Amino acid sequence: MKTYTEKDIYFMQEAIKLAKQGEYTARPNPCVGAVLVRDGKIVGQGYHQYYGGEHAELMAIKQAGDLAKGSSCYVTLEPCSHHGKTAPCVDALIAAGVKKVIVAEQDPNPQVNGQGIKKLQDNGITVAKGLLQLQARTFNTAFHHRMQKQRPFVVVKSAMSFDGRTAMKDGSSKWITGSESRVMAHKLRAKADAIITGIDTVLADNPAMTVRSETIISAAHFKQPKRVILDSRLRIPLDAKILQQTGETIIATTSNDLEKIKKAEAKGATVWKMQGEKINLHELLQRLLQIECHHVLVEAGATLSSAFWQEKLVNEWHVFVAPKLMGNAAKPVLNLDVPDLASAHALELVATNMVGDDLHLVFKPETQQENK
């Protein structure tokens with residue numbers, strides 16, 4: 001078993017800190033950080049800033065210049081060995097004269113998966129892997145899921161009162177949770193490739209469904225997530241806010257109303273004509289995968305959120321609980337069809353913290369082994 005020194009751990013921690021800087025801009029690519037070390041000092045560092053931009057290793061090599069020769073590279077993900085938007089990182093490391101590469105985790109992408117490590121070794125470069133693997137994977141959960149399961153990673157976000165209510169009987173819901181929770185909700189949006197909502201939410205709240213946290217949207221290369229509206233009967237008002245935002249809005253519908261489709265497209269929307277009487281969520285996720293949406297956030301009412309649970313498509317559920325009681329007449333967070341206690345959806349609580357006065361809980365579906 002490989003034994004790492006305190007310095008090894010320190011340098012990989014620095015690479016992980018760099019990787020985190022790309023968590024809102026690297027998507028749909030994974031977050032990657034790299035540092036080059038020579039004579040015990042960092043001589044170059046970099047991270048993958050945006051899709052199509054320089055990879056972390058190349059940025060570090062450019063910064064190091066001639067000092068890259070004979071250095072060690074600490075990188076959070078196996079260097080790529082194939083031509084994509086950029087040239088292979090392994091070729092750059094070889095050409096730079098790097099003598100050793102320490103990899104936090106192997107790339108699950110079949111186009112790489114061990115091939116980058118092998119090419120480095122074939123060219124006389126020493127490779128070690130596994131240092132701080134779990135920490136490095138923190139920012140790339142959706143990427144791993146997409147590669148392993150061939151479907152997007154689905155996060156459902158809910159804001160509710162302590163008695164599990166999301167809106168009053170008349171539909172009013174602003175604001176159940178505090179401002180701090182709303183900022184965190186925007187960060188969840190910013191990490192997603194697409195935000196899914198239902199037409200009932202659009203009709204009730206007229207949301208923009210954009211990231212509006214200044215700390216995020218001011219970042220260079222940030223792009224708004226795609227907005228996806230499930231609207232079987234194509235009831236969306238043509239003056240809805242969601243159709244007036246920058247970036248792409250997709251309307252998934254089963255309607256055959258060609259005139260309304262053309263009007264929606266004239267407003268800039270992309271309309272997906274889905275088969276059947278109701279939208280198939282599995283088909284929807286596969287179509288999103290085809291346009292490189294690996295991480296989707298569901299922000300919807302009880303009906304659509306419950307549909308994702310019933311289809312066993314949820315990977316994480318983020319719940320913001322406000323210290324309020326809204327009563328029996330208010331609308332519930334979910335409308336699940338659970339016939340008996342044995343059929344109840346078991347949850348695994350994986351994180352909990354206070355956000356202002358609200359409680360933020362993160363659950364995973366304990367019984368859905370295929371989603372883990």
Side-chain angles (χ1 to χ4, degrees), residues 1-27 29-51 53-82 84-109 111-141 143-144 147:
M1 183 176 178
K2 171 66 179 175
T3 301
Y4 295 103
T5 67
E6 288 186 8
K7 284 189 174 182
D8 287 328
I9 294 171
Y10 169 77
F11 291 132
M12 186 60 79
Q13 287 173 334
E14 291 301 300
I16 292 171
K17 289 178 185 177
L18 287 165
K20 186 180 188 303
Q21 293 183 44
E23 67 178 331
Y24 301 126
T25 57
R27 56 178 170 81
N29 279 352
C31 298
V32 183
V35 297
L36 289 179
V37 177
R38 181 169 164 175
D39 299 326
K41 297 181 180 180
I42 295 176
V43 295
Q45 59 186 15
Y47 70 97
H48 185 46
Q49 295 183 351
Y50 63 97
Y51 183 59
E54 284 185 347
H55 285 195
E57 301 93 322
L58 183 57
M59 187 181 293
I61 289 169
K62 285 186 174 181
Q63 189 178 106
D66 293 340
L67 293 177
K69 187 173 183 179
S71 68
S72 295
C73 178
Y74 294 78
V75 61
T76 59
L77 188 68
E78 177 183 3
C80 62
S81 55
H82 67 291
K85 294 284 184 180
T86 61
C89 292
V90 290
D91 292 350
L93 291 166
I94 293 166
V98 172
K99 68 176 182 179
K100 184 176 182 180
V101 176
I102 300 89
V103 177
E105 62 171 340
Q106 192 164 308
D107 194 330
N109 186 343
Q111 291 182 296
V112 183
N113 202 346
Q115 297 176 54
I117 291 173
K118 184 177 185 303
K119 188 170 184 178
L120 291 171
Q121 292 172 329
D122 288 346
N123 282 270
I125 297 175
T126 301
V127 179
K129 65 177 182 178
L131 175 60
L132 302 186
Q133 177 178 331
L134 294 180
Q135 292 93 319
R137 186 174 294 188
T138 302
F139 311 110
N140 295 321
T141 302
F143 175 72
H144 277 268
M147 290 298 171

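Keep in mind the model is a prediction, meaning the values are calculated, not measured. FYI, the numbering just counts along the sequence from 1.
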- [ ] Supply the atom-to-atom distance Lys17 NZ to Gln135 CD, rounded to the nearest 0.5 angstrom.
- [x] 12.5 Å
Open item on the list: Evaluate Met12 against Ile9 for side chain to side chain contact (heavy atoms under 4.5 Å, CB included), listing each step before the verdict.
Closed with: CA-CA 5 Å; Met12 186 60 79; Ile9 294 171; 6.0 Å; no
- [ ] Calculate, to the nearest 0.5 Å, the distance between atoms CD and CG belonging to Gln121 and Asn123 respectively.
- [x] 10.5 Å
Task: Partner residues of Tyr50 under the side-chain contact (heavy atoms from CB on, under 4.5 Å) criterion, sequence neighbours left out - done: His221
Task: Contact summary for Gly116 and Val90, nearest pair of heavy atoms - done: O-CG1, 3.5 Å
Open item on the list: On a heavy-atom basis, which atom in Asn140 and which in Ala136 lie closest, and how many Å separate them?
Closed with: ND2-O, 3.9 Å
Open item on the list: Test your reading of the model: is there a side-chain donor-acceptor pair from Gln106 to the backbone of Glu78, 3.5 Å cut-off?
Closed with: no
TODO: Might you work through the side chain to side chain contact (heavy atoms under 4.5 Å, CB included) test for Tyr10 and Thr5, ending with a clear yes or no?
DONE: CA-CA 9 Å; Tyr10 169 77; Thr5 67; over 6 Å; no
Task: Heavy-atom closest pair, residues Ala96 and Ile61 - done: CB-CG2, 3.9 Å
Task: Atom pair CG/CG of Leu58 and Asp91 - distance to nearest 0.5 Å - done: 11.0 Å
With a cut-off of 3.5 Å and sequence neighbours excluded, list every side-chain donor-acceptor pair involving residues 31-44.
from  : atom 1 : to    : atom 2 : distance (Å)
Arg38 : NH1    : Lys69 : O      : 3.1

Task: Parallel, tilted or perpendicular, as decided by the 30° and 60° cut-offs, for the rings of His55 and His48 - done: perpendicular
Open item on the list: Ignoring hydrogens, what is the shortest heavy-atom contact between Val101 and Val103? Give both atom names and the distance.
Closed with: CG1-CG2, 3.7 Å
Open item on the list: Quick one, Ile102 and Phe11 - any side-chain contact, counting heavy atoms below 4.5 Å?
Closed with: no
Task: Audit row: Thr76, Phe139, side chain to side chain contact (heavy atoms under 4.5 Å, CB included) steps and yes/no - done: CA-CA 10 Å; Thr76 59; Phe139 311 110; over 6 Å; no
Open item on the list: Quick check against the 3.5 Å criterion: does Asp107 have a side-chain atom that pairs as donor or acceptor with the backbone of Asn109?
Closed with: yes
TODO: Taking atom CG of Asp122 as the centre, report whether more than 12 heavy atoms of other residues, nucleotides or ligands fall under 6.0 Å from it.
DONE: yes
- [ ] Verify side chain to side chain contact (heavy atoms under 4.5 Å, CB included) between Gln63 and Gln45, making sure each step is shown before the conclusion.
- [x] CA-CA 7 Å; Gln63 189 178 106; Gln45 59 186 15; 3.5 Å; yes
Open item on the list: I need the Met59 CE to Leu18 CG distance, nearest 0.5 Å.
Closed with: 9.5 Å
Open item on the list: Could you report the tightest heavy-atom contact between Ser72 and Lys99, atom names first, then the distance?
Closed with: OG-CE, 4.2 Å
TODO: Could you tell me whether the side chain of Glu105 reaches within less than 4.5 Å of the side chain of Leu77, counting heavy atoms only?
DONE: yes
TODO: Would you mind reporting whether Lys119 and Ile94 have side-chain heavy atoms less than 4.5 Å apart?
DONE: yes
- [ ] Check Tyr47 against Ala19 and note the closest heavy-atom contact, atom names and distance.
- [x] CB-N, 4.3 Å
